[in-house]
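Down below is the structure, laid out as structure tokens.
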Amino acid sequence: MASVLDSDERIWDTVMNLNMKGLYFLSQAAARIMKNQGGGRSSNVAPLTASNRNLSSASIPISKAGVRMITKAFAMELASHNIQVNTIAPGPISTKMMDSHFFHLTPEEARKAKAEMEKLLPMNRLGHPDDIAGAAVYLASAASN
């Protein structure tokens, strides 16, 4: 994790390769299969929380904006092949990756930092992976036509 002034090319490449390059080429491979099958559905996750300065380096929100643009480009180009492509954009989700942002804190300091973060959220709580599962299932189903 590094600020705009402190990040280096290695950090940039790592984040972009994971969040954009990997997504692009995995999506491309899946789209080829879906096209041959006559259609399909794909959903990407681009959390809105990447814009929170306390949670990420500058490269992460930039890459998440890229994920949203990759999704739009794929959606527009693949619609004629009966392929739907969507983005799920959740707020902060309590995951191991989220916990890694607090690794340098004592357990009590981490609990307090999370509590402060939760105060800024509309529902005053972090989300859970199950909270976005319904959206993923819906977008993968015929109900989302």
Evaluate the side-chain proximity of [Y] to [X]: yes if any heavy-atom separation is below 4.5 Å, no if none is.
| X | Y | result |
| --- | --- | --- |
| Asp131 | Pro90 | no |
| Met20 | Met69 | no |
| Arg111 | Leu105 | no |

Joint hydrophobic cluster, [X] plus [Y], side-chain heavy atoms closer than 4.5 Å:
| X | Y | answer |
| --- | --- | --- |
| Leu18 | Ile93 | no |
| Trp12 | Ile60 | no |
| Met34 | Leu139 | no |
| Ile70 | Val15 | no |
| Tyr138 | Ile88 | yes |

Could you pull out every donor-acceptor pair under 3.5 Å between side chains of residues 38-46 and any protein atom, sequence neighbours left out?
unit_1: Arg41; atom_1: NE; unit_2: Gln84; atom_2: OE1; d: 2.9
unit_1: Arg41; atom_1: NE; unit_2: Ser141; atom_2: O; d: 3.0
unit_1: Arg41; atom_1: NH2; unit_2: Asn145; atom_2: OD1; d: 2.4
unit_1: Asn44; atom_1: ND2; unit_2: Thr71; atom_2: OG1; d: 2.8

Under 3.5 Å, side-chain donor or acceptor atoms of residues 21-28 against the rest of the protein: list the pairs with distances, not counting sequence neighbours.
unit_1: Ser27; atom_1: OG; unit_2: Leu23; atom_2: O; d: 2.8

Taking every non-hydrogen atom, the tightest pair across [X] and [Y]:
| X | Y | result |
| --- | --- | --- |
| Arg68 | Pro47 | NH1-O, 3.9 Å |
| Pro129 | Ser94 | CD-O, 3.6 Å |
| Ala75 | Val85 | CB-O, 3.5 Å |
| Glu118 | Leu126 | OE2-N, 3.3 Å |

request  = Identify the residue among Asp13, Ile11, Asn19, Thr14 that makes a side-chain contact (heavy atoms from CB on, under 4.5 Å) with Ser59.
outcome  =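 Passing option: Ile11.
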
query = Taking only residues at least two apart or on different chains, which pairs with a member in residues 82-100 satisfy salt bridge (Lys or Arg N to Asp or Glu O under 4.0 Å)?
reply =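 Residue pairs passing salt bridge (Lys or Arg N to Asp or Glu O under 4.0 Å), neighbours aside: Asp99-Lys114.
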
query = In Å, rounded to the nearest 0.5 Å, how long is the span from NZ of Lys35 to NE2 of His81?
reply =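 Between Lys35 NZ and His81 NE2, I get 4.5 Å after rounding to 0.5 Å.
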
inquiry  = Looking at Glu9, I want to see if its CD is surrounded by more than 12 non-hydrogen atoms of other residues, nucleotides or ligands under 6.0 Å.
reply    =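 No - once you tally the heavy atoms of other residues, nucleotides and ligands closer than 6.0 Å, there are 12 at most.
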
message = What I want to find out is whether Lys112 reaches Glu109 closely enough, with some N-O distance under 4.0 Å, to be called a salt bridge.
response =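 No, this pair does not count.
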
request  = Apply side chain to side chain contact (heavy atoms under 4.5 Å, CB included) to the pair Met117 and Met98, showing each step before the final yes or no.
outcome  = CA-CA 12 Å; Met117 182 190 319; Met98 167 75 76; 4.0 Å; yes

